[in-house]
Protein chains: 2
Amino acid sequence: MPAKTTESPVRLAAETWESLFRAQVAVMRKLQAAPAFKALALNEYDVLFTLSRCPSGWLRLNELNDNVLLSQSSLSRLVERLEKRGLVERTPAPEDGRGILIRLTDAGRDLQKQIGREHVRDIAALVGPALSAAEQQELLRLTEKLRAAVSVR
Amino acid sequence: MPAKTTESPVRLAAETWESLFRAQVAVMRKLQAAPAFKALALNEYDVLFTLSRCPSGWLRLNELNDNVLLSQSSLSRLVERLEKRGLVERTPAPEDGRGILIRLTDAGRDLQKQIGREHVRDIAALVGPALSAAEQQELLRLTEKLRAAVSVR
DNA sequence: CCGATTTAGATGCATTTGCATCTATCGACC
DNA sequence: GGTCGATAGATGCAAATGCATCTAAATCGG
């Protein structure tokens, strides 16, 4: 019998999460140190990135908030900063008088692409040597499954 | 030929990291919302937890800093806050006049245990239903491997 | 042994963050 | 249609954070 199967389910879940979290901290540390993030904090980049991936180009503030680990008020001000810097645009949502829509400006799109290129290289340089392609695919699958299960609502 | 193997290595690494990061955000959101973290921010709990796991009981500030995603100065002040609340103790390091050693007080240990119990339950409630035991073990293995590879310096 | 460099941690200060609250709109229900 | 609770986002304010810098101690090179 493999040793680990003697663990309790609760303990296994806790250790798994702890390990995932620490790996995230270790990788993020390195990524944040990249010169690209002198110009734009990682959270700010992340908002630009999320907008760039959105098919319609427009996202609601509260949709953005699902992706980023920030409170609603902090995100509201983050977007305000991005708008002041000319990287995003805000418009009142046409179908919902309470909401706003946000999208990249051309400048925002350019900056996202520029930082993104370097960011992707940094990621590959960290993750590539650490895990085989098959392991990466498995890690991708497991984290997608975890996210999906946790995000049900 | 499986579809995913047509991806470039760089793209695979980027997608893997993105997925890991989003999963972490989704889980962390839920965990942070737990009532236990009204009393103590998650970063603060994390420091208490790390100290509780340390065999000697004492840790240097810069050792703590490897575990937490905080700048050195922020961690310094976080520990200062914990000390003010009577949860940790600081002593000058005996072997290095520049350094300090930190350990839990009894109150700190008690609070860590109390929050920890609830925290572990919350983790299990989120992760347990999302992945089978075998999947959790594999996720644990992969994230440990990733962390180890990234942390070499 | 001495000066130069590096390392550990603290601190001043501006920025960012979160909590609580506020306003306005939406949706449900009668 | 009018009232009531829920939801989207903004804002005042106190607390936390990061950057740059500072001090002191360790380490290195001669």
Side-chain angles (χ1 to χ4, degrees), chain A residues 25 28-48 50-51 58-85 87-103 153, chain B residues 25 28-48 50-51 58-85 87-103 153:
Chain A
V25 168
M28 190 58 96
R29 254 282 154 60
K30 305 270 185 177
L31 292 177
Q32 275 183 332
F37 294 112
K38 293 281 183 185
L40 204 66
L42 203 132
N43 274 340
E44 293 171 337
Y45 168 75
D46 200 11
V47 166
L48 299 189
T50 303
L51 288 170
W58 294 98
L59 277 179
R60 292 286 292 267
L61 188 59
N62 73 46
E63 293 174 308
L64 272 176
N65 216 155
D66 293 336
N67 271 316
V68 184
L69 201 54
L70 275 180
S71 69
Q72 177 269 319
S73 60
S74 298
L75 180 59
S76 174
R77 281 190 246 249
L78 188 156
V79 168
E80 186 179 55
R81 291 196 299 275
L82 293 177
E83 189 183 32
K84 248 173 222 155
R85 291 179 59 173
L87 301 172
V88 305
E89 253 182 320
R90 277 202 277 205
T91 306
E95 298 297 325
D96 183 341
R98 299 164 300 179
I100 60 166
L101 291 173
I102 302 150
R103 75 164 169 189
R153 165 180 359 272
Chain B
V25 168
M28 190 58 96
R29 253 288 152 58
K30 305 270 186 176
L31 292 177
Q32 275 184 333
F37 294 111
K38 293 280 181 184
L40 203 68
L42 202 134
N43 274 341
E44 294 171 336
Y45 168 76
D46 199 12
V47 165
L48 299 190
T50 304
L51 288 169
W58 294 99
L59 277 179
R60 292 286 292 267
L61 189 60
N62 70 41
E63 293 174 308
L64 273 176
N65 215 1
D66 293 336
N67 270 314
V68 184
L69 200 55
L70 275 181
S71 69
Q72 178 269 319
S73 60
S74 297
L75 180 59
S76 175
R77 281 190 247 247
L78 188 156
V79 168
E80 186 178 56
R81 289 196 300 275
L82 293 178
E83 190 183 31
K84 247 172 225 155
R85 291 180 59 174
L87 301 172
V88 305
E89 253 181 322
R90 278 202 279 205
T91 307
E95 299 295 327
D96 184 340
R98 299 164 300 180
I100 60 165
L101 292 173
I102 303 150
R103 76 163 169 188
R153 117 203 43 245

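Quick caveat: nothing in here was measured; it's all calculated off a predicted structure.
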A.B. asks: Check the interface with nucleotides 2-5 of chain D: list each N/O to N/O pair with the protein under 3.5 Å, or write none.
C.D. replies:
none

A.B. asks: Nearest to the A:Ser76 side chain among D:dT11, D:dA8, C:dT11, which nucleotide is it?
C.D. replies: D:dT11
A.B. asks: At under 4.0 Å between heavy atoms, which parts of nucleotides 15-25 of chain C does protein reach? Answer with one letter per nucleotide, 5' to 3': B base, S sugar-phosphate only, - none.
C.D. replies: -SSBB----BB
A.B. asks: Within this structure, what is the CG-to-P distance between B:Leu82 and C:dG9, rounded to whole angstrom?
C.D. replies: 16 Å
A.B. asks: Kindly write out the residues that satisfy side-chain contact (heavy atoms from CB on, under 4.5 Å) with A:Thr91, not counting sequence neighbours, or none if the list is empty.
C.D. replies: A:Trp58
A.B. asks: A:Arg90: what forms a side chain to side chain donor-acceptor pair (under 3.5 Å) with it, not counting sequence neighbours?
C.D. replies: A:Glu83
A.B. asks: Between B:Val47 and B:Leu75, is any pair of side-chain heavy atoms under 4.5 Å apart?
C.D. replies: yes
A.B. asks: From CD1 of B:Ile100 over to P of D:dA24, roughly how many Å is that when rounded to an integer?
C.D. replies: 17 Å
A.B. asks: Taking side-chain contact (heavy atoms from CB on, under 4.5 Å) as the test, write out the residues that go with A:Asn43, two or more places apart.
C.D. replies: A:Val68, A:Leu70, A:Leu78
A.B. asks: Check B:Val25 against A:Asn67 and note the closest heavy-atom contact, atom names and distance.
C.D. replies: CG1-O, 3.7 Å
A.B. asks: Indicate the atoms forming the closest heavy-atom contact of B:Leu51 with B:Leu59, along with that distance.
C.D. replies: CD2-CB, 3.8 Å
A.B. asks: Once rounded to the nearest 0.5 Å, what's the spacing between atom OG of A:Ser73 and atom CG of A:Asn65?
C.D. replies: 9.0 Å
A.B. asks: How sharply is the helix from C:dC1-D:dG30 to C:dC30-D:dG1 bent, taking the axes over five pairs at either end and rounding to 10 degrees?
C.D. replies: 40°
A.B. asks: Expressed in angstrom and rounded to an integer, what is the separation of B:Glu63 atom CD from C:dT7 atom P?
C.D. replies: 16 Å
A.B. asks: Atom CZ of B:Arg90 and atom C1' of C:dA10: how far apart are they, to the nearest Å?
C.D. replies: 9 Å
A.B. asks: Could you state the CD-C1' distance from B:Glu95 to D:dA24, rounded to the nearest angstrom?
C.D. replies: 18 Å
A.B. asks: Please give me the minimum heavy-atom distance between B:Arg60 and B:Ala93, naming the atom from each residue.
C.D. replies: NH1-CB, 4.0 Å
A.B. asks: Of all the heavy-atom pairs spanning A:Gln72 and A:Leu61, show the shortest one and how long it is.
C.D. replies: NE2-CD2, 4.4 Å
A.B. asks: Closest heavy-atom contact between B:Pro94 and B:Leu101?
C.D. replies: CD-CD1, 3.5 Å
A.B. asks: Nearest-Å distance, CG (B:Leu61) to C1' (C:dT11)?
C.D. replies: 14 Å
A.B. asks: Kindly give the heavy-atom pair with the smallest separation between B:Phe37 and B:Leu31, and that separation in Å.
C.D. replies: CD1-O, 3.4 Å
A.B. asks: What's the CG-P distance between B:Asn62 and C:dT6, to the nearest Å?
C.D. replies: 18 Å
